[in-house]
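Worksheet for the structure shown next.
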Amino acid sequence: MLHLTTGRVGCLLSKQAVVALTGSGARMSSHGHHEVSDSVDMSQPMYWDRLDTPLPDRPWKDVLDSTDKSLKQKEKGPWTALSKEEKIALYRLKFNLTYPEMKRPSHEWKTVIGGMFIVFGITGLVVFWQCHYVYPPQPPTFDEEWQAKQLQRMLDMRTNPIEGLSSQWDYKNKQWK
């Protein structure tokens, strides 16, 4: 009976958590949050700067102000009459970034390497802690002295004299063959 009750409570709490974590615009605005994010209509042409797409679906600036409109009118005339700044401004109406700006390396690799070092450091600390506090001490059979005595015992007992360890030992000279 208790298990059934805790299961129902857990189900109720999980449903409330899901409702609390999902953000719907109507619920957000009803709780005093006036910042409702606009959903992007993916059926409309979009702009993005990508190296593999030289001509985006739409220009960078959709809404032109009066200076941009006059510059567009000037564009219809001879391009030799345009100054360098006007040509750059016309380019910036159509595109946000140039190819060299898109190819400029980011410094994200520094964050990735830093994160890797942090993870390696934490892992090293955990291994160090486990070696000292979790694992039992090594058994005495791992000591070199113990292993030497064990080897001598096996040679004295002449274990596996045909193909094994004793076959490699010279018992007259007391050294390895």
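Starting from 1, each residue takes its place in the sequence as its number.
Taken from CG in L155 to CD in Q168, the straight-line distance is 11.0 Å, to the nearest 0.5 Å. In this structure, CG in L93 is found 8.5 Å from OG1 in T67, a value given to the nearest 0.5 Å. Once rounded to the nearest 0.5 Å, the distance linking CZ of R58 with NZ of K94 reads 10.0 Å.
The minimum heavy-atom distance between Y91 and L97, with the atom names listed, is OH-O, 3.6 Å. Across all their heavy atoms, K69 and L64 have their closest contact at CE-O, 3.4 Å.
Residues E75 and L71 are not in side-chain contact: their nearest non-hydrogen atoms beyond the backbone lie 4.5 Å or more apart. A 4.5 Å side-chain heavy-atom check between M46 and M42 finds at least one atom pair inside the cut-off. L151 places none of its side-chain heavy atoms less than 4.5 Å from the side chain of W169. Side-chain contact check for M116 versus F120: some heavy-atom pair is nearer than 4.5 Å.
In Q130, the CD atom is crowded: over 12 heavy atoms of neighbouring residues, nucleotides or ligands sit closer than 6.0 Å. Enclosure of atom NZ in K103 is not indicated, since only 12 or fewer non-hydrogen atoms of other residues, nucleotides or ligands lie within 6.0 angstrom. In this structure, W176 places its CH2 atom where more than 12 heavy-atom neighbours from other residues, nucleotides or ligands lie under 6.0 Å away. By the neighbour-count criterion of 12 heavy atoms within 6.0 Å, atom NZ of K87 is densely surrounded, having more than that number from other residues, nucleotides or ligands.
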Q) Can you check side chain to side chain contact (heavy atoms under 4.5 Å, CB included) on D57 and Q44, steps first, answer last? A) CA-CA 9 Å; D57 295 335; Q44 297 297 320; over 6 Å; no

Legend entry - CA sep, side-chain torsions, deciding dist, call: S166, Y171, side-chain hydrogen bond (donor to acceptor under 3.5 Å, both in side chains): CA-CA 9 Å; S166 297; Y171 286 95; 3.3 Å; yes

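Taking the centre of each ring, F95 and W60 stay at or above the 6.0 Å mark.
Grouping the Ile, Leu, Val, Met, Phe, Trp and Tyr side chains by contacts below 4.5 angstrom, directly or via other members, places I113 apart from I118.
Every residue two or more places apart in sequence or in another chain that forms a salt bridge (charged side-chain N to carboxylate O under 4.0 Å, His left out) with E101 is listed here: R92. Contacts of K74 classified as salt bridge (charged side-chain N to carboxylate O under 4.0 Å, His left out), with partners at least two apart in sequence or in another chain: E86. With sequence neighbours left out, the side-chain contact (heavy atoms from CB on, under 4.5 Å) criterion links T141 to P139, W146.
With 3.5 Å as the limit, one finds no donor-acceptor pair spanning the side chains of Q147 and D143.
Salt bridge status for D170 with K172: absent, with no side-chain N to carboxylate O gap under 4.0 Å.
One N or O on the side chain of D41 and one on the backbone of S43 form a donor-acceptor pair closer than 3.5 Å. At least one donor-acceptor pair under 3.5 Å links the side chain of Y47 to the backbone N or O of N96. Of the possible donor and acceptor atoms, one in the side chain of S167 sits under 3.5 Å from a partner among the backbone N and O of G164.
The ring-ring contact (aromatic ring centres under 6.0 Å, His included) test with H132 is passed by exactly one of W129, Y135, F128: F128.
Judged by the 6.0 Å and 45° rule, R104 forms no cation-pi pair with Y99.
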